[in-house]
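In listed order, ligands and their atoms are each counted from 1.
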Amino acid sequence: MEKIAFERPFIKKLSAGMPSKFGMKTEIKPVTHIDDVAVEELIQKYGSPLFVISEKTMRETYQEAYRAFSTRYPKVQFAWSYKTNYLDAVCRVFHQEGSWAEVVSGFEFDKALANGIPGNKILFNGPDKPEEYLKKAIEQKAYIHIDHFDELYTLKQLAATLKTRPRVAIRVNMDVGIYPKWDRFGFNYENGEAWDALNRIMISESFELEGLHAHIGTYMMTTEAYGIAAAKLADLATGLERKYGHVIKYIDMGGGFASKNTLKGAYLPGTDTAPSFDEYAEAITSALINSGIKPENLPMLILETGRALIDDAGYLLGTVIANKRLSSGYRSTIVDVGVNLLFTSFWYEHQISPARPTTQHTEETAVFGPLCMNIDVIRESMVFPLLKTGDRFVISRIGAYNMTQWMQFITLRPNVVMIDPESKVHLIREKESLETIRQQERIPGHLQAKKQ
Ligand SMILES: *Cc1c(COP(=O)(O)O)cnc(C)c1O
């Protein structure tokens, strides 16, 4: 029989944790395996910390989202938001499922092309589209989502030089009842700017006006906001039909659906509060179907969902470095995962689970990362089992934004593996080494000689 790990005796102060819809949670469930692969084996082979992506969860989540929309609306297209996670293996899974690419920089545009996505399946968003890339986008027949008038005029000039009509949409921002408003991207609906931009595009005859785009925010907890946004875009589409007899090809509702993570300070866990894909789909498709758009002209509905498609599929595995008491007596655990790898710990209360069964003894604990920096806090306070040096743990729901916003700071970025649906493990991004960093550096001649 396996020996049970020693846990030191302790006196427990009774303190209430956060309730969920099932009441108080009392048990701490270990995460010993991810898709049937043992956490300990993964770390033995690929090191600690380690990012793990479940391809199975990715595909299931995508299919669930696609089903929610396609059962409610005739034409649905997802476009994978590259900035949410642009590891090629991740993008390719979503592309295999049928997603186009949604990019917000020249670098991301090139990455999508390198992943085999043709220009006419790339949506080009963002406030910074260098001329060189606007040209490329025009030539590759990508959909350019115009952000401001300066871009519109640059495009008009490029269209004349290249003798091609760029395929465009405008990004529209609007009041959807969420404050502060996101009004820095695109053209405003309420003050008439969006309609002005559309008229300029139609009158100039330099463009193919293909669609209307909005991305109203991120981690949006209300579905009503999407209903309002869809109704406003539909209103613009109806205006174009009426005034120019012009029928747009698509309405793009952007991303922003909440994942099941718990925001800091939230009373209930995200698993209880995040709307389902069905609820988002209901709000958006109702607004479109019930709008003034003629049924035969109903545009394709594009979704650029990022976070909600990948968050659940990502795990960050790590190891306990040490335990110590703060001067107040508060328990703290130092782990080898820092905020440099887990950027989202600034706004989420991430779930951290032991990788082996523990007793139900717990204590309120601060979880600190390994950086020699005061801000390196993974959890300020959580009810945590009494893990010891060398014990493994698993942080769940970290697939969105961490593998793009991570920083090379103090330590190097670790391996990333993907577990395929047959539970085979694939290395999809190799860990960095001193050499990775040094090969980007150049030493001026007068500093070449190594002085003692
Ligand atoms: C970031 C972004 C997305 C993805 O947003 P999520 O909140 O991850 O769903 C989609 N569209 C645009 C334009 C974006 O900037």
Counting heavy atoms under 4.0 Å, the part of H145 that contacts ligand 1 is neither
| message | Under a 4.0 Å threshold between the charged nitrogen and the carboxylate oxygen, would K249 count as salt-bridged to E210? | response | yes
Would you mind checking if R429 and E432 are paired as a salt bridge, meaning a charged N to carboxylate O distance below 4.0 Å?
yes
- prompt: Does an N or O from G217, backbone or side chain, lie closer than 3.5 Å to an N or O of ligand 1?
  reply: no
Q | Test: E190 and K232 ion pair at under 4.0 Å | A | yes
Check: R307 N/O within less than 3.5 Å of ligand 1 N/O:
yes
Charged N to carboxylate O under 4.0 angstrom, D88 versus R92?
-> no
| request: Please indicate whether K45 has more than 12 foreign heavy atoms, meaning atoms of other residues, nucleotides or ligands, lying under 6.0 Å from its NZ. | output: no
Would S81 count as a polar contact of ligand 1, with the cut-off being nitrogen or oxygen pairs under 3.5 Å? no
- request: Before signing off on this row, confirm whether G256 and ligand 1 have an N or O atom pair separated by under 3.5 Å.
  value: yes
If we number the atoms of ligand 1 from 1 as shown, the ones under 4.0 Å from a heavy atom of T218 are 6 (P), 7 (O)
ask   = Quick one: do D420 and K56 make a salt bridge, cutoff under 4.0 Å?
value = no
Filtering K83, E304, H213 for the heavy atom nearest atom 14 (C) of ligand 1 leaves K83
A student checking ligand 1 against T84 at a 4.0 Å heavy-atom cut-off should list atoms 8 (O)
If you scan protein heavy atoms around atom 8 (O) of ligand 1, the nearest is Y401 OH, 2.6 Å
Result for side-chain hydrogen bond (donor to acceptor under 3.5 Å, both in side chains) between S259 and one of D311, T61, T271, T218 points to D311
Quick note on ligand 1: atoms under 4.0 Å from a heavy atom of N125 include exactly 13 (C)
